[in-house]
Amino acid sequence: MTPPHGWLPRLVALDIDGTLCAEAGESGVETIRPAVRAALSAARVAGAHVVLCSGRTMLAVARFVAALGGWPGPAICSNGAVWLDGSGAVLRQQVFELASCVGVLQRSLPGAVFAAEEVGLGNRATATFHDFAFAGHNRLVDVAELIATPTTRLTVNWPGRSVDELAAALTVAELADIQYSVFGPDAWMVASPAGVTKGSALEELRIHLGVSAADTLAIGDGTNDLEMLAWAAHGVAMGQASAAVRAVADEVTASVHEDGAALVLDRWFGSGTESGAVSG
């Protein structure tokens with residue numbers, strides 16, 4: 001939808017990687033551009049509920065917040081399975097059993113490696129991942145120990161394969177007990193409990209905060225943002241987003257490297273940074 005004249009969003013949901021910052025990469029360094037910092041501050045000062053909404057684990061979101069300089073508001077982590085309050089404390093966790101889905105994934109993705117989130121601690125993993133991939137303590141376990149305890153977030157990597165090969169293999173896998181998204185260029189998958197998405201979590205949070213559905217804004221760039229963009233009264237895709245993500249958005253802004261999220265926020269909250277054009 002096109003917001004009416006005078007509209008001011010009261011709940012602003014923001015993806016992190018590819019939206020508020022470029023992905024950290026092997027250095028693990030969070031780079032948050034000044035215009036984005038200013039826009040987040042202006043939205044919060046104006047009284048909007050600013051909600052970070054990420055596929056990252058709780059600890060990885062906290063790493064971003066530390067680089068940002070403090071919590072701008074609540075956060076939804078692990079694609080909706082973990083909720084944090086405005087100080088970073090855990091408000092809610094939704095877990096799922098791993099035995100069934102890991103069994104299916106082992107058969108569908110031979111050689112795949114797994115990591116299960118342990119909220120506030122790190123992950124238990126079946127192989128060593130690059131240090132930048134996760135935050136916290138990551139301990140090596142066998143598959144039996146991996147699946148023994150439910151988790152909020154399962155990360156899967158299929159070494160030596162492409163994201164297209166991963167997507168094709170998952171298309172025929174029977175994974176009714178999880179919600180998942182894939183991303184690349186390498187073959188990565190992140191799974192959460194069935195029915196739990198950024199969009200479903202935001203709807204519950206919206207009701208809890210007493211915000212009208214008509215007063216919601218969301219900005220994102222990935223396939224795990226599809227439900228969030230569809231949920232918002234005004235959904236904005238980043239300029240580098242795929243065609244599938246752009247298709248569900250009401251608007252497409254500039255890329256993350258061009259401060260696209262800041263350009264959108266400045267339209268309503270006016271941080272004083274220089275604005276640019278966006279496309280509908």
Side-chain angles (χ1 to χ4, degrees), residues 11-25 27-33 36-37 39-41 43-44 48-95 115-125 129-138 151-155 179-181 183 188-193 196-202 204-206 208-209 218-225 227-229 238 256 261 265:
L11 194 163
V12 178
L14 300 164
D15 173 50
I16 294 178
D17 295 294
T19 300
L20 298 182
C21 70
E23 293 190 24
S27 68
V29 175
E30 307 277 9
T31 303
I32 307 166
R33 290 161 63 97
V36 172
R37 293 178 185 272
L40 287 173
S41 178
R44 188 179 185 189
H49 296 285
V50 177
V51 181
L52 300 178
C53 202
S54 178
R56 293 188 184 200
T57 64
M58 169 195 173
L59 292 180
V61 169
R63 184 176 64 193
F64 171 83
V65 170
L68 184 63
W71 292 89
I76 289 171
C77 314
S78 300
N79 287 326
V82 180
W83 296 19
L84 308 179
D85 66 15
S87 70
V90 177
L91 290 175
R92 175 177 175 179
Q93 301 180 48
Q94 291 179 268
V95 300
E117 180 181 15
E118 297 182 323
V119 175
L121 299 174
N123 297 268
R124 56 186 186 274
F129 289 78
H130 292 296
D131 289 342
F132 71 87
F134 300 111
H137 175 65
N138 299 294
T151 189
T152 49
R153 179 187 192 265
L154 177 69
T155 304
Q179 184 89 20
Y180 68 86
S181 58
F183 56 98
W188 289 85
M189 164 187 170
V190 173
S192 54
V196 174
T197 67
K198 292 184 180 184
S200 67
L202 284 165
E204 292 188 55
L205 182 60
R206 177 192 71 77
H208 173 73
L209 294 172
I219 311 175
D221 77 307
T223 56
N224 63 333
D225 295 319
E227 293 86 359
M228 177 178 80
L229 295 179
M238 297 296 291
V256 64
L265 295 176

Undergrad: Is any side-chain heavy atom of Thr152 closer than 4.5 Å to one of Val95?
TA: yes

Undergrad: Output all residues satisfying side-chain hydrogen bond (donor to acceptor under 3.5 Å, both in side chains) with Ser78, sequence neighbours left out; order by chain, then residue number.
TA: Glu117

Undergrad: Just how far is it from atom CG of Leu52 to atom CG of Leu68, taken to the nearest 0.5 Å?
TA: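 Spacing of CG (Leu52) from CG (Leu68) equals 7.5 Å.
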
Undergrad: Kindly write out the residues that satisfy salt bridge (Lys or Arg N to Asp or Glu O under 4.0 Å) with Arg44, not counting sequence neighbours, or none if the list is empty.
TA: none

Undergrad: Considering residues at least two apart in sequence or located in another chain, which fulfil the side-chain hydrogen bond (donor to acceptor under 3.5 Å, both in side chains) criterion with Asn224?
TA: Asn79

Undergrad: Within this structure, what is the CZ-NE2 distance for the pair Arg206 and His49, rounded to the nearest 0.5 Å?
TA: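 It is 11.5 Å, given to the nearest 0.5 Å.
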
Undergrad: Side-chain contact test, heavy atoms from C-beta onward, threshold under 4.5 Å: evaluate it for Thr57 versus Cys77 and give yes or no.
TA: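 Side chain of Thr57 against side chain of Cys77, heavy atoms only: no contact under 4.5 Å found.
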
Undergrad: State, yes or no, whether a side-chain contact exists between Phe64 and Ile32 at a heavy-atom distance under 4.5 Å.
TA: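 Yes, close enough: below the 4.5 Å cut-off.
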
Undergrad: Run Val190 and Phe183 through side-chain contact (heavy atoms from CB on, under 4.5 Å) and show every step you take.
TA: CA-CA 8 Å; Val190 173; Phe183 56 98; 3.5 Å; yes

Undergrad: Quick test of your reading: applying salt bridge (charged side-chain N to carboxylate O under 4.0 Å, His left out), list the pairs with at least one residue in residues 78-93, sequence neighbours left out, ordered by first then second residue.
TA: Arg92-Glu204

Undergrad: At what distance, to the nearest 0.5 angstrom, does CG of Asp17 lie from CG of Asp221?
TA: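 Spacing of CG (Asp17) from CG (Asp221) equals 8.0 Å.
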
Undergrad: Check salt bridge (Lys or Arg N to Asp or Glu O under 4.0 Å) between Arg37 and all other residues, then give those that pass, not counting sequence neighbours.
TA: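 Scan of Arg37 (salt bridge (Lys or Arg N to Asp or Glu O under 4.0 Å), adjacent residues dropped) gives none.
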
Undergrad: Which residues satisfy the side-chain contact (heavy atoms from CB on, under 4.5 Å) test with Leu202, sequence neighbours excluded?
TA: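 In terms of side-chain contact (heavy atoms from CB on, under 4.5 Å), with neighbours along the sequence ignored, Leu202 is linked to Leu11, Ala13, Val51, Cys53, Ile76, Met228, Trp231.
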
Undergrad: Enter the distance from Trp83:CH2 to Gln93:CD here, rounded to the nearest 0.5 Å.
TA: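 The CH2 atom of Trp83 sits 13.0 Å away from the CD atom of Gln93.
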
Undergrad: Minimum heavy-atom separation for Arg63 to Ala135, with atom names?
TA: NH1-CB, 4.1 Å

Undergrad: Determine the minimum heavy-atom distance between Ala191 and Met189, stating which atoms define it.
TA: CB-CE, 4.0 Å

Undergrad: Enter the distance from Ser54:OG to Lys198:NZ here, rounded to the nearest 0.5 Å.
TA: 5.5 Å

Undergrad: Could you work out, with side-chain contact (heavy atoms from CB on, under 4.5 Å) as the rule, every residue matching Ala66, not counting sequence neighbours?
TA: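 Residues passing side-chain contact (heavy atoms from CB on, under 4.5 Å) with Ala66: none at all.
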
Undergrad: Does the Arg153 side chain pair with the main chain of Gly55, one donor and one acceptor, at a distance under 3.5 Å?
TA: yes

Undergrad: Tell me every residue that passes side-chain hydrogen bond (donor to acceptor under 3.5 Å, both in side chains) with Glu118, counting only those two or more places apart in sequence or in another chain.
TA: Arg124, Arg139

Undergrad: Is there a side-chain contact (heavy atoms from CB on, under 4.5 Å) between Val61 and Trp71? Walk through the geometry before answering.
TA: CA-CA 10 Å; Val61 169; Trp71 292 89; 4.2 Å; yes

Undergrad: State, with a plain yes or no, whether a side-chain heavy atom of Val90 is found less than 4.5 Å away from one of Leu84.
TA: yes

Undergrad: How many angstroms lie between CG in Leu265 and CG in Leu20, if you round to the nearest 0.5 Å?
TA: 8.0 Å

Undergrad: Under the rule for side-chain contact (heavy atoms from CB on, under 4.5 Å), what residues qualify as partners of Ala115, not counting sequence neighbours?
TA: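 With neighbours one apart ignored, the set is Asn123, Ala125, Phe129, Phe134, Thr155.
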
Undergrad: Can you sort out the partners of Thr19 under side-chain hydrogen bond (donor to acceptor under 3.5 Å, both in side chains), two or more places apart, ordered by chain and number?
TA: Asp15

